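First up is the structure itself, then whatever we jot down about it.
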Amino acid sequence: LQIQADKTAKYQLVATVLSRHAESKYTDALIKLLGDSDSEISEQAAPGLGKIGDQNARGPLLEKLKGADGGRHAGSRPIIKPTRSLCRGG
């Protein structure tokens with residue numbers, strides 16, 4: 001249980017740091033973190049993908065949004081803004 005908590009904390013920190021320093025070189029790592037089953041991790045990755053604006057993130061963001069109850073669930077809020085940004089072309 002402690003190992004899982006440590007993993008989650010580390011991944012969440014990485015997602016947060018990469019999102020704050022959003023650069024195109026972090027796109028693949030953030031897409032991978034967006035796909036994490038832990039919503040706290042994926043929610044930290046989404047804003048960075050929106051900032052970067054790489055169209056390769058559009059599909060993964062849309063899929064994550066669909067998985068978050070079609071955007072009607074409160075947990076989808078951190079994913080909505082970056083998804084809209086990419087769908088509008090930046």
Side-chain angles (χ1 to χ4, degrees):
L1 188 62
Q2 182 61 36
I3 293 172
Q4 182 63 32
D6 289 345
K7 173 208 168 257
T8 299
K10 288 176 187 175
Y11 278 34
Q12 187 174 6
L13 178 62
V14 168
T16 301
V17 170
L18 293 182
S19 286
R20 285 188 185 152
H21 303 285
E23 296 180 31
S24 60
K25 65 184 178 182
Y26 301 139
T27 300
D28 291 338
L30 285 168
I31 289 172
K32 186 174 181 176
L33 290 166
L34 180 72
D36 197 278
S37 61
D38 187 313
S39 64
E40 291 182 22
I41 294 169
S42 60
E43 289 170 7
Q44 292 300 317
L49 290 169
K51 289 178 194 174
I52 293 168
D54 188 318
Q55 289 299 310
N56 291 325
R58 185 178 180 180
L61 280 165
L62 287 170
E63 285 301 312
K64 192 66 173 183
L65 188 59
K66 277 193 241 179
D69 194 25
R72 293 181 298 273
H73 186 270
S76 67
R77 288 188 187 130
I79 300 167
I80 292 173
K81 187 175 179 179
T83 304
R84 283 186 184 155
S85 176
L86 278 172
C87 289
R88 290 182 183 153

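Just the heavy atoms: all of them, side chains too, but no hydrogens, waters or symmetry mates, feed the values below. Not measured: the values here are computed from a predicted model.
One finds the CG atom of Leu34 at 11.5 Å from the OG1 atom of Thr27 (value rounded to the nearest 0.5 Å). For the atom pair CG of Leu61 and CD of Gln55, the computed distance is 10.0 Å after rounding to the nearest 0.5 Å. Separating the CG atom in Leu65 from the CD atom in Glu63 is a distance of 9.5 Å, to the nearest 0.5 Å.
For Asp36, there are no side chain to side chain donor-acceptor pair (under 3.5 Å) partners at least two apart in sequence or on another chain. Evaluation of the side chain to side chain donor-acceptor pair (under 3.5 Å) rule for Asp28 yields no partner, not counting sequence neighbours.
Residues Ser42 and Leu33 have side chains not in contact (no heavy-atom distance under 4.5 Å, counting atoms from C-beta outward).
Pairs of residues two or more places apart, or lying in two chains, never qualify as salt bridge (Lys or Arg N to Asp or Glu O under 4.0 Å) while including a residue from residues 48-61.
Closest approach of Ser19 to Leu30, counting heavy atoms only: OG-CD2, 3.8 Å.
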Cut-off 3.5 Å, no hydrogens considered: what does the side-chain donor-acceptor table look like for residues 7-17, sequence neighbours left out?
residue: Thr8; atom: OG1; partner: Gln4; partner atom: O; Å: 3.0
residue: Thr16; atom: OG1; partner: Gln12; partner atom: O; Å: 2.8
residue: Thr16; atom: OG1; partner: Gln44; partner atom: OE1; Å: 3.0

